[in-house]
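Everything on this sheet refers to the single structure shown next.
This is a predicted model, so every value here is computed, not measured. Any value given below was found using the heavy atoms of this structure, including those in side chains, with hydrogens, waters and symmetry copies removed.
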Amino acid sequence: MFLGRLWPRFLVLSKWIGRRQGPGSTLAPLDPKVDDSETLVRVIKSPFHLKGKKLKKQAFQPPRTKQDLSVIRQVMGDDFCKNKGVELLAQATNAKYQGLATGLTMDVRRLSAKVIDYPQDFMGHAHIVSFAAHSPDEPHSPEVMEKLDNYYAKMVEHFLYHPDPKPEVAGWYGPSLKR
């Protein structure tokens, strides 16, 4: 019984180790092409990303000076996605980890956004690049603002929010994140 509970965690860990790149590694790295069928995972924090238990458009707005939004590639495993998300949010102020949101790459690309692998920060990191950068110095025209507002609303529609049933525990105990 004890081994039965640990076996899935061992499999996830072995997949993660297989994706590590380091000196002398003979294992294949993660494919840099993000396939249309891949699930993307967005870390959800409060109070910024949620209104009650529903996602807000702000969950998909990049920082003001950027046009890319960080996500984690689910192919790294559910536990990796949760643990990395908690780790990243530990560096943020006034933000509390709440759970994860998942969406398909093909749905994001249908919204005229790009999805690109970005392993410079960590293996399994990707960016969703929207069509318009946010700039505090030069506000967008009303037309672009309206298009962006519609884009963020559609992102909310395409992503499914998974509240974390055990946010204080390492590893993901909710439903499978793969879509």
Side-chain angles (χ1 to χ4, degrees), residues 32-76 78 80-165 167 172 174-179:
K33 181 188 178 301
V34 182
D35 191 76
D36 276 349
S37 65
E38 270 192 51
T39 299
L40 303 173
V41 179
R42 176 81 173 139
V43 180
I44 302 301
K45 58 188 176 183
S46 66
F48 311 107
H49 294 164
L50 294 171
K51 182 172 186 170
K53 294 198 178 237
K54 294 193 174 211
L55 287 172
K56 295 185 342 187
K57 291 185 252 184
Q58 289 83 345
F60 302 99
Q61 290 178 339
R64 292 199 180 276
T65 58
K66 296 185 174 188
Q67 70 184 89
D68 54 68
L69 183 75
S70 288
V71 291
I72 304 170
R73 297 173 67 183
Q74 190 280 330
V75 295
M76 297 297 291
D78 293 359
F80 177 88
C81 293
K82 187 257 178 94
N83 295 340
K84 181 53 85 171
V86 169
E87 175 189 326
L88 294 171
L89 278 185
Q91 303 163 9
T93 58
N94 300 326
K96 182 180 177 196
Y97 166 79
Q98 294 295 316
L100 303 168
T102 58
L104 288 174
T105 301
M106 73 176 96
D107 291 333
V108 172
R109 288 183 174 144
R110 285 183 189 141
L111 298 175
S112 299
K114 298 177 192 169
V115 179
I116 56 171
D117 186 45
Y118 197 81
Q120 291 84 333
D121 292 336
F122 60 89
M123 184 63 62
H125 186 210
H127 283 168
I128 296 175
V129 183
S130 70
F131 58 88
H134 288 258
S135 174
D137 300 329
E138 296 178 29
H140 292 302
S141 68
E143 295 83 17
V144 172
M145 289 302 291
E146 185 177 343
K147 284 182 181 179
L148 279 171
D149 194 53
N150 289 334
Y151 166 78
Y152 299 136
K154 289 187 189 284
M155 290 288 278
V156 169
E157 291 174 15
H158 288 299
F159 274 73
L160 177 63
Y161 173 55
H162 303 277
D164 194 330
W172 179 250
S176 173
L177 298 174
K178 185 165 177 61
R179 292 188 56 187

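- Partners of Ser70 according to the side chain to side chain contact (heavy atoms under 4.5 Å, CB included) rule, which considers only residues two or more places apart in sequence or in another chain, are Arg42, His125, His127.
- Asn83 meets the side-chain hydrogen bond (donor to acceptor under 3.5 Å, both in side chains) test with no other residue; sequence neighbours excluded.
- In this structure, His162 has no ring pair (Phe, Tyr, Trp, His ring centres under 6.0 Å) partners at least two apart in sequence or on a different chain.
- The CD1 atom of Ile72 sits 13.5 Å away from the CE atom of Met123 when rounded to the nearest 0.5 Å.
- With rounding to the nearest 0.5 angstrom, the NZ atom of Lys178 is 8.5 Å from the CG atom of Leu104.
- Separating the CG atom in Leu111 from the CE atom in Met155 is a distance of 6.5 Å, to the nearest 0.5 Å.
- In this structure the side chain of Arg179 reaches within 4.5 angstrom of the side chain of Leu160, judged on heavy atoms.
- Although no hydrogens or angles enter the test, the distance criterion places a donor-acceptor pair under 3.5 Å between the side chain of Gln67 and the main chain of Ser130.
- Listed by first then second residue, pairs satisfying salt bridge (charged side-chain N to carboxylate O under 4.0 Å, His left out) with a partner in residues 43-54 number zero, not counting sequence neighbours.
- In this view, Tyr161 satisfies the ring pair (Phe, Tyr, Trp, His ring centres under 6.0 Å) rule with no residue, not counting sequence neighbours.
- Taking OG1 of Thr102 as the reference point, atom CG of Leu177 lies at 6.0 Å (rounded to 0.5 Å).
- Sorted by first and then second residue, the pairs that involve residues 114-128 and meet salt bridge (charged side-chain N to carboxylate O under 4.0 Å, His left out), not counting sequence neighbours, are Arg73-Asp117.
- Counting only residues at least two apart or on different chains, the salt bridge (charged side-chain N to carboxylate O under 4.0 Å, His left out) pairs with a member in residues 141-161 are Lys57-Asp149.
- Of the residues listed (Ile116, Leu40, Asp68), the one engaging Ile128 in a side chain to side chain contact (heavy atoms under 4.5 Å, CB included) is Leu40, and it is the only one.
- Sorted pairs that involve residues 95-104 and meet salt bridge (charged side-chain N to carboxylate O under 4.0 Å, His left out), not counting sequence neighbours, are lacking altogether.
- Remark: Phe80 CZ to Gln74 CD distance equals 11.5 Å, nearest 0.5 Å.
- When the ring pair (Phe, Tyr, Trp, His ring centres under 6.0 Å) test is applied to His158, no partner is found at least two apart in sequence or on another chain.
- Considering every non-hydrogen atom in both Asp35 and Ser37, the closest pair reads OD2-OG, 2.5 Å.
- Nearest heavy-atom pair across Ala59 and Leu55 is CB-CD2, 4.3 Å.
- Scanning for side chain to side chain contact (heavy atoms under 4.5 Å, CB included) contacts around Val86 gives Lys82, Tyr97, with sequence neighbours left out.
- Residues passing the side chain to side chain contact (heavy atoms under 4.5 Å, CB included) test with Glu87 are Lys84, sequence neighbours excluded.
- The minimum heavy-atom distance linking Cys81 with Val41 is given by the pair SG-CG2, 3.9 Å.
- Side-chain contact of Thr105 with Glu38: a donor-acceptor pair under 3.5 Å is absent, judged by distance alone.
- For the ring pair (Phe, Tyr, Trp, His ring centres under 6.0 Å) test, no residue two or more places apart in sequence or in another chain qualifies with Phe48.
- The shortest non-hydrogen separation linking Leu89 to Ile44 is CD1-O, 4.4 Å.
- Nearest heavy-atom pair across Val108 and Val115 is CG1-CG2, 3.7 Å.
- Rounding to the nearest 0.5 angstrom, the gap separating the CE atom in Met76 from the CZ atom in Phe122 is 8.5 Å.
- The nearest pair of heavy atoms linking Tyr152 to Pro62 is OH-CD, 3.6 Å.
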